[in-house]
Amino acid sequence: MYRQEEIKPYDADGGKTHQVEQMFDHIADNYDKLNHRLSWNIDRGWRRKAIRQLEPYRPKTMLDIATGTGDFAIMAAQMLRPERLIGADISEGMMSIGRHKAALQGLDGIVSFEKEDCMALSYADDTFDAVTAAFGIRNFSDLDRGLSEMQRVLRPGGHLSIVELTRPVAFPMRQLFWVYSHTVLPLYGRLISRDHQAYSYLTATIEAFPQGEQMVGILRKAGFREASFRRLTFGICTMYFATK
């Protein structure tokens with residue numbers, strides 16, 4: 001079983017889920033700006049590619065896990081035109097920004113935000129046509145359990161689309177990414193977010209997280225009958241696609 005409980009944002013007492021909620025509430029106001037600047041805005045293209053994986057299936061009901069400030073949920077609503085899309089997260093600070101952004105886009109009648117523990121979703125079995133997650137499942141305290149929950153709430157034949165930061169595997173990008181993620185990313189993150197540990201935690205989760213073939217194996221173990229992956233931008237990011 002793959003678990004990340006030992007990797008926490010802060011050197012303090014308390015479970016990982018509580019610490020992750022606290023961290024994202026703290027950095028919520030600067031989160032979007034940091035995300036786009038630290039990825040040179042490439043993250044927008046990664047999200048778009050992950051959403052396009054779902055276009056042939058025309059999902060009507062969708063759940064975006066670890067939705068944060070709702071960038072992926074809003075883009076998915078614009079591109080896929082579902083009847084209903086729920087963005088779920090543990091951070092009310094992040095989702096309050098998402099609600100505001102959805103309203104500005106005129107999507108608040110389609111996109112809603114609900115506080116949920118991804119380890120124990122409140123939704124019934126076989127509820128959604130598609131489940132998505134962008135840059136959030138690294139924060140699960142128990143990856144196997146979280147993916148099993150995502151599989152449970154998908155209807156039979158439904159699809160899972162994930163996009164996640166990963167470690168490049170080829171020279172020289174692997175070495176360049178290591179330098180960037182250990183110097184520029186945590187330093188700039190600290191300066192803008194004023195959180196001295198959040199972006200060091202980000203680097204640690206990227207390095208510890210399973211990727212590629214290993215992640216495909218974990219998806220199959222969670223109950224998905226088909227699973228595949230595709231590396232993007234020299235392996236800095238990886239898309240996963242799975243079918244229940």
Side-chain angles (χ1 to χ4, degrees), residues 24 28 31-32 35-36 43-92 94-137 139-140 146-164 219 222-230 232 237-244:
F24 281 117
Y31 181 79
D32 285 340
N35 257 10
H36 301 322
D43 63 304
R44 299 180 195 271
W46 293 336
R47 289 184 176 90
R48 193 169 291 110
K49 285 182 170 65
I51 292 166
R52 283 179 179 153
Q53 295 186 117
L54 294 168
E55 282 183 331
Y57 308 101
R58 301 178 180 272
K60 297 299 182 185
T61 56
M62 298 182 61
L63 174 66
D64 185 40
I65 291 289
T67 195
T69 61
D71 271 2
F72 194 93
I74 291 168
M75 186 181 287
Q78 292 169 332
M79 291 176 62
L80 301 176
R81 302 295 181 184
E83 295 174 358
R84 180 172 64 114
L85 195 159
I86 298 172
D89 205 287
I90 59 172
S91 170
E92 283 288 359
M94 298 282 276
M95 288 191 293
S96 66
I97 294 171
R99 291 185 187 101
H100 178 66
K101 293 195 303 189
L104 288 177
Q105 296 294 325
L107 293 169
D108 46 328
I110 297 171
V111 179
S112 61
F113 293 85
E114 298 179 358
K115 186 168 184 176
E116 288 280 337
D117 180 354
C118 296
M119 300 298 101
L121 295 170
S122 66
Y123 311 111
D125 296 357
D126 308 334
T127 297
F128 300 97
D129 297 325
V131 175
T132 60
F135 314 116
I137 62 172
N139 298 307
F140 286 2
L147 290 174
S148 293
E149 277 292 278
M150 295 162 83
Q151 191 268 359
R152 179 184 66 78
V153 299
L154 263 178
R155 67 167 179 78
H159 302 282
L160 172 70
S161 182
I162 292 173
V163 60
E164 190 54 85
L219 286 165
F224 292 95
R225 59 184 174 85
E226 297 175 14
S228 60
F229 74 96
R230 176 186 169 195
L232 304 174
C237 178
T238 303
M239 288 193 312
Y240 299 93
F241 192 71
T243 304
K244 178 173 177 177

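Computed from a prediction, not measured in an experiment: that's the story for all the values here.
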Can you tell me how far [atom2] of [Y] sits from [atom1] of [X], rounded to the nearest 0.5 angstrom?
{"X": "Ile65", "Y": "Leu147", "atom1": "CD1", "atom2": "CG", "value": "10.0 Å"}
{"X": "Phe241", "Y": "Phe224", "atom1": "CZ", "atom2": "CZ", "value": "10.5 Å"}
{"X": "Leu232", "Y": "Thr238", "atom1": "CG", "atom2": "OG1", "value": "7.0 Å"}
{"X": "Leu85", "Y": "Leu63", "atom1": "CG", "atom2": "CG", "value": "8.0 Å"}

Any heavy-atom pair between the side chains of [Y] and [X] that's under 4.5 Å?
{"X": "Glu149", "Y": "Met119", "answer": "no"}
{"X": "Thr61", "Y": "Thr127", "answer": "no"}
{"X": "Val163", "Y": "Phe135", "answer": "yes"}
{"X": "Ile90", "Y": "Cys118", "answer": "no"}

(message) Under the criterion side chain to side chain contact (heavy atoms under 4.5 Å, CB included), I'd like the reasoning laid out for Tyr57 against Leu80: C-alpha separation, chi angles, the key distance, then a yes or no.
(response) CA-CA 9 Å; Tyr57 308 101; Leu80 301 176; over 6 Å; no

(request) Provide the full list of salt bridge (charged side-chain N to carboxylate O under 4.0 Å, His left out) pairs with a residue in residues 108-124, sequence neighbours left out, each pair given once. (result)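 Every pair satisfying salt bridge (charged side-chain N to carboxylate O under 4.0 Å, His left out) with a residue in residues 108-124: Glu21-Lys115.
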
(request) Using side chain to side chain donor-acceptor pair (under 3.5 Å) as the criterion, list what pairs up with Ser112, not counting sequence neighbours. (result)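 By the side chain to side chain donor-acceptor pair (under 3.5 Å) rule, Ser112 matches no residue at all.
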
(message) Per the side-chain hydrogen bond (donor to acceptor under 3.5 Å, both in side chains) rule, what does the pair list look like for residues 153-164, sequence neighbours excluded?
(response)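 Those involving residues 153-164 are Gln53-Ser161, Asp129-Arg155, Arg138-Glu164, His159-Thr243.
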
(message) Under the side-chain hydrogen bond (donor to acceptor under 3.5 Å, both in side chains) definition, can you give me all pairs with a residue in residues 94-107, not counting sequence neighbours?
(response)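 For residues 94-107, and leaving out neighbouring residues, the side-chain hydrogen bond (donor to acceptor under 3.5 Å, both in side chains) pairs sorted by first residue read Asp32-Lys101, Thr69-Lys101, Asp71-Lys101, Gln78-Gln105, Glu92-Arg99.
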
(message) Checking Ala66 now: which residues fulfil side-chain contact (heavy atoms from CB on, under 4.5 Å) with it, not counting sequence neighbours?
(response)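 Ala66 satisfies side-chain contact (heavy atoms from CB on, under 4.5 Å) with Asp89 once adjacent residues are dropped.
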
Work out which heavy atom in [X] is nearest to a heavy atom in [Y]; give both atom names and the distance.
{"X": "Ala134", "Y": "Asp64", "answer": "N-OD1, 4.5 Å"}
{"X": "Gly70", "Y": "Phe113", "answer": "CA-CE2, 3.9 Å"}
{"X": "Met95", "Y": "Ala88", "answer": "SD-C, 4.5 Å"}
{"X": "Ala50", "Y": "Phe72", "answer": "CB-CE1, 3.8 Å"}
{"X": "Met75", "Y": "Ile51", "answer": "CG-CD1, 3.5 Å"}
{"X": "Val111", "Y": "Ala77", "answer": "CG2-CB, 3.6 Å"}

(request) Go through the structure and list residues passing ring-ring contact (aromatic ring centres under 6.0 Å, His included) with Phe128, not counting sequence neighbours. (result)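 With neighbours one apart ignored, the set is Tyr123.
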
(request) Please step through side chain to side chain contact (heavy atoms under 4.5 Å, CB included) for the pair Ile162 and Phe229, ending with a clear verdict. (result) CA-CA 9 Å; Ile162 292 173; Phe229 74 96; over 6 Å; no

(request) Spell out, as yes or no, whether a donor-acceptor pair under 3.5 Å connects the side chain of Lys244 to the backbone of Gln151. (result)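 Side chain of Lys244 to backbone of Gln151: a pair is present.
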
(message) Among Lys60, Arg58, Met62, exactly one meets side-chain contact (heavy atoms from CB on, under 4.5 Å) together with Pro82. Which residue is that?
(response)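 So, applying the side-chain contact (heavy atoms from CB on, under 4.5 Å) to Pro82 and each of Lys60, Arg58, Met62, only Met62 qualifies.
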
(request) Flag yes if more than 12 heavy atoms outside Arg225 fall under 6.0 Å of its CZ atom; otherwise flag no. (result)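 More than 12 heavy atoms, drawn from other residues, nucleotides or ligands, come within 6.0 Å of this atom.
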
(request) Starting from the C-alpha separation in whole Å, work towards a yes-or-no answer on side chain to side chain contact (heavy atoms under 4.5 Å, CB included) for Asp43 and Arg47. (result) CA-CA 6 Å; Asp43 63 304; Arg47 289 184 176 90; 2.5 Å; yes

